[in-house]
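Have a look at the structure that comes next, please.
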Amino acid sequence: MKKRVIHIVVLLVTLALVSCSTKKNTAFTRFYHSFTTRYNVYFNGIENYKEQMKSMETEYQDNFTDLLYMHPAQAYANPKDPQPSGSFDRTIEKCQKAIQLHSIKKKPKRDSRKMSDPKYRDYLKRDEYNPFIHNAWRLMGQAQYYKGEFLEAAATFLYISRHFTWMPDLVAEAKLWQARCYIALGWLYEAEDILQKINNDKLPESQNNWFATVNADYLIRSGQYQKAIPFLETAIKSAPSKQQRIRLTFLLGQLYEKTGVNAKAYEAFGKVISMNPPYRTEFNARIKQTEVFSGKDITKEVKKLTRMASRDRNKEYLDQVYYAIGNLYLSRKDTLKAMENYRLANQKSTRNGIEKAICQVTLGDLYFDRREYVDAQPCYAEALPQLKEDFPRYDLLSRRSTVLDELVVYAQNVELQDSLQDLAAMSETERNKAIQKIIDDLIKKEKEEAEALQREEYLAQQQGPQFNSNNAAKNNATMISGDKSWYFYNKTMVAAGKTEFQRTWGSRKLEDDWRRRNKSGFSMSDFAEKGEGGGNTEEGMEVDENGMPLEESPDSAQLADAEDPHKPAFYLKQIPLTPEALEVSNEVVAEGLFNMGLILKNKLEDYPAAIANFNLLEERFPENPYRLDVYYNMYLMYMRNGDEVTAGIYRDKIRSTFPESPYAQAMADPHYLDNLRRMSTEQDSIYEDTYAAYLDNNNAAVHRSRQYMEEKYPLSPLMPKFLFLDALAYVGDKQYDKFKAGLRDLLERYPQADVSPLATTMLKGVAQGRQVAEGSGNLRGMLWKARLTNDTTTVRNDTAQVAFTQDLKAPHVLLLVYATDSVSSNQLLFDVAKHNFTTFVIKDFDLEIMTFNEISMLVVKGFNNFDELSHYRRLLDHSETFRYPPGVKPVMISEDNFKKLLEGYSFEDYFLFLENNPLPTEEPYEER
């Protein structure tokens, strides 16, 4: 009897297990798989999800100098921002397991008696019959989002909205999540489209708060701060955690500040303080309150900040405290007090991060507005490496910094030479005293720095053995910033390196051969082709690093003293004590004054300062070699200022002193000013037509345009570009001697033009024995002959094609190649991504945009062999939704061959290889 009972139990269990297969769809199987999903796999996933969410939201270090993210996960879209903690891999794994093991796709057995019921017929059309499985799909999408896999999350929520149509609340929620994924990716147009459609389709009441959160996110990202505020207020009320309520309330204060409602901003930051946030958040909220303070008397606020500066716990935040004090004074138009506190903030800063950078930018702006450019330059130069490219006015600040870097080079040269000449004019006794004072100051400074370093080493040792004294100085920037990135990705280390370089070499213009004595020109011997003979240096003659012949070597002790800044000889060798040295020094001063005037006029448009520099140049050096250019620029500035009388004086000087110059000949035309005005409006259109003619292989038109500009507008700033196109057009004509002659003419006349470095590279390539590339037209030559490096040339090595190999079983990639700026990269990325997750439910592909000078490409990865790539390519070519934008060229290539392209080969090299080793494709993909 007992055995019989056991057999019956075993039989029942076996029947139950068999009946629970997902291949069957009964009330029992639906209950079993729903129950198992909910209390087994899904339970483990949701618990891990909650744990990781709490870790992410509480541990993330927000950047309070910019608008806060609505959630830390959004920082994944910008790798330059601090990245959040938390791993959602286990959650995703559990959700995938739940779907794989418990999803019921099998249709239930039809009940003919219910077929007349529309609801029953709709039930039979469902894609899923596990009543709980949708929670696993939703949780997986959320985990993917918070992991930073925004494209994957968007695909998951798209699947939910299409396959769970009988659950309107879930579909609305999934669409909102899909919109939020698009927002994180920066696809604002697509997000707006979803939000508008959801709103028009009568949003379910249960999703009102979630809609407010996502819509606030969209409006903030699109810069519509005023419209975002009411939605953000709703989002704050429904925030799922205390940390999120704090973060969103701080963001609300920032939005009020952005829209100029300072009173409400002050109130919002006060609410943050009252919510007992982490100290760093509380501190920044108090700092923000001072920035939006709208009271009449700032004395109380200044005293409050001064007390904050005296507390030990705020030592690492002193830069922010003094920056806030400076802001208070600046709001009351007390510029001097504001600048004093901004300078103090820079001195007290220990972190060298974004907070210091913002203070430096503010101080730099004040210097710049006061036309104190030399003081403004270091502020911008040190701040820019710490700023993100989406920082407000980043492009303007970058351009301004570049111009000031160039200006300061010449200003420092003038100042240095004037100081050296003052020393040369002193008596020997006075000179020695002045030099000794410089040495004493240097020794004192080095002693102070050594003592400070010893303190840092001691503190580092106290923190642990990993901070040994030998590495304390090296690790200082890393310790301060907390950034352990590789050197060239560590902005603090790069900024420190730049400062050290400037300390050693001085501020220098970014250019090739920066250590050469004559940086304004070049030697045509650099382009001497093989067989044309070498230089005239005597055999065996020793030369220095600049190619200058060395004199007889001095005594080693004297040489050591001359290189030691602690010895008088180091300074004496720089002082122009001979007539020859004084002449060289004066040349440096004259060059500096002239170039400062040009920069002030052309790049800063500070005409009074430019005129002052040019006048000083003429006053100090009446016979300077820059007189022609000085007279012409003075003429232009006075004409711009409406002073035709003074402008006429400089016009007469040009015609009388330099009658054979292009300026004098152009000014001889009675309609010169009219020509000058027409040039500024016509030169751009003429160049566009010339460029279009070049792309259309109409080389004769290119030559005619260059000749016309030479005759009509010889002073056009675009003349170097016309000469460059003219030279390139001779390649298409196969007149290579004229090609080389044209480039030489360009370099001799315009050595500093923006196209000159490229022309130099081309000539050097020819001189090294490379053959000029021939191709089927200028357009293809410009795109396919470009190399995927910074060394872009139209020359190639004929042996390059042998470097490629063909292995159809190796991993492959698809390249969608196009001329940079001819196609919207983001739109192309979106279109391909949309095709991928609507065509492939399981298979996933990596997408990456790569840009190399004039050529860009979208790289599609994830193909194990050529056959998989061919299948993908056929589906993409015949897709009903995807179309190749004009100018996009698809190229199929193995990963190994693609690496060779990245190493410096061109597409032209690869296509030449394919001519002898064709791929088994049905269509000529290269010419598509």
Side-chain angles (χ1 to χ4, degrees), residues 92 96 99-100 103 105 144 149 151-152 154-156 158-159 162 780 783-784 788 800-818 823 825 827-850 852 855-928:
I92 295 173
Q96 290 174 337
I99 294 168
Q100 182 180 4
S103 176
K105 301 289 187 181
Q144 289 170 331
E149 297 178 344
L151 268 178
E152 291 84 347
T156 299
L158 178 64
Y159 180 90
R162 290 185 175 181
R780 173 172 170 172
L783 182 62
W784 297 128
L788 306 188
Q801 55 182 303
V802 302
F804 296 100
T805 59
Q806 188 177 99
D807 184 359
L808 300 181
K809 295 183 179 180
H812 278 62
V813 296
L814 175 65
L815 309 178
L816 301 183
V817 190
Y818 51 93
V823 173
S825 298
Q827 186 62 46
L828 179 62
L829 177 66
F830 171 76
D831 292 340
V832 174
K834 183 178 180 181
H835 165 80
N836 288 350
F837 61 65
T838 54
T839 307
F840 303 92
V841 178
I842 300 176
K843 183 69 174 177
D844 191 20
F845 301 99
D846 292 330
L847 304 178
E848 180 183 4
I849 294 289
M850 302 181 73
F852 305 90
I855 190 170
S856 296
M857 65 185 75
L858 171 61
V859 184
V860 186
K861 305 176 183 177
F863 308 103
N864 295 320
N865 50 57
F866 179 77
D867 290 339
E868 288 188 9
L869 174 56
S870 296
H871 174 68
Y872 177 90
R873 173 68 193 282
R874 283 192 294 271
L875 293 178
L876 186 67
D877 289 351
H878 299 94
S879 171
E880 295 182 358
T881 58
F882 176 80
R883 293 291 181 271
Y884 291 98
V888 172
K889 313 290 183 182
V891 177
M892 297 192 290
I893 188 172
S894 68
E895 289 186 358
D896 288 339
N897 287 337
F898 181 47
K899 290 178 182 177
K900 290 182 172 61
L901 290 182
L902 298 178
E903 290 169 357
Y905 294 102
S906 69
F907 281 103
E908 181 75 15
D909 298 330
Y910 179 61
F911 295 151
L912 289 174
F913 167 77
L914 289 183
E915 289 180 3
N916 298 322
N917 303 272
L919 293 173
T921 55
E922 298 177 359
E923 301 177 7
Y925 62 87
E926 181 241 321
E927 298 295 343
R928 184 179 181 85

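Hydrogens, waters and symmetry mates are skipped; everything else that's a heavy atom, side chains included, is used.
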Interatomic distance, CZ@Phe898 vs CE@Met850, rounded to 0.5 Å, equals 4.5 Å
| query | Can you find a pair of side-chain heavy atoms, one from Phe866 and one from Gln806, that are under 4.5 Å apart? | reply | no
Quick one: closest heavy-atom pair of Ile92 and Glu149, and the distance?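 Heavy-atom minimum between the residues: CD1-OE1, 4.2 Å.
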query = Can you name the one residue among Leu901, Leu914, Leu815 that meets side-chain contact (heavy atoms from CB on, under 4.5 Å) with Val891?
reply =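 Answer to the side-chain contact (heavy atoms from CB on, under 4.5 Å) test with Val891 among Leu901, Leu914, Leu815: Leu815.
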- [ ] Would you check if Leu876 and Tyr884 make a side-chain contact, meaning some heavy-atom pair closer than 4.5 Å?
- [x] yes
_Please find the pair of heavy atoms, one from Leu847 and one from Asn836, that lie closest to each other, and give the distance._
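Minimum heavy-atom contact is CD2-ND2, 3.9 Å.
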(request) Give a yes or no on whether a salt bridge exists between Asp877 and Arg873, defined as a side-chain N under 4.0 angstrom from a carboxylate O. (result) yes
Could you tell me whether the side chain of Ser894 reaches within less than 4.5 Å of the side chain of Asp807, counting heavy atoms only?
-> no
Worksheet item: To the nearest 0.5 Å, what is the distance between CD (Glu903) and CG (Asn897)?
Response: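 Atom-to-atom, Glu903:CD and Asn897:CG are 10.5 Å apart.
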- request: Please test His812 against Phe863 for ring pair (Phe, Tyr, Trp, His ring centres under 6.0 Å), starting from the C-alpha separation and ending with a verdict.
  value: CA-CA 5 Å; His812 278 62; Phe863 308 103; 8.7 Å; no
| request: Of all the heavy-atom pairs spanning Thr805 and Phe913, show the shortest one and how long it is. | output: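 That closest heavy-atom pairing would be C-CZ, 3.7 Å.
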**Asked** About how many Å separate CD of Glu895 and CG of Asn864, when rounded to the nearest 0.5 Å?
**Response**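 Going from the CG atom of Asn864 to the CD atom of Glu895 covers 9.0 Å.
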Review point. Counting only heavy atoms not in Lys834, do more than 12 fall under 6.0 Å of its NZ?
Key: no
* To do: Return the minimal non-hydrogen interatomic distance between Pro890 and Leu816, and the atom names on each side.
  =>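 Smallest heavy-atom distance, with atoms named: CB-CD2, 3.7 Å.
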### Message
Within this structure, what is the CD-CG distance for the pair Glu848 and Leu829, rounded to the nearest 0.5 Å?
### Response
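Here the rounded value is 10.5 Å.
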So CZ of Phe830 and CG of Leu151: to nearest 0.5 Å the spacing works out to 9.5 Å
**OP:** Tell me yes or no: between the side chains of Gln144 and Thr156, is some donor less than 3.5 Å from an acceptor?
**Re:** yes
- With a 4.5 Å limit on heavy-atom distance, are the side chains of Val832 and Leu858 in contact? yes
Of all heavy-atom pairs linking Gly862 and Glu868, the shortest is O-OE1, 4.0 Å
| query | Would one find more than 12 heavy atoms of other residues, nucleotides or ligands at under 6.0 Å from atom NZ of Lys899? | reply |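 At most 12 heavy atoms, drawn from other residues, nucleotides or ligands, come within 6.0 Å of this atom.
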Could you pull out the closest heavy-atom pair between Ile893 and Leu869, with the gap in Å?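 Taking every non-hydrogen atom into account, N-CD2, 4.3 Å.
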Note to self: Classify the ring geometry of Tyr872 against His835: parallel below 30°, tilted from 30° to 60°, perpendicular beyond 60°.
What the structure shows: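 Perpendicular.
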- [ ] Report yes if some heavy atom in the side chain of Lys861 is under 4.5 Å from a heavy atom in the side chain of Phe845; otherwise report no.
- [x] no
With heavy-atom distances below 4.5 Å as the criterion, would you say the side chains of Phe882 and Leu828 are in contact? yes
- Message: Can you confirm whether the side chains of Asp867 and Ser870 place a donor and an acceptor under 3.5 Å from each other?
- Response: no
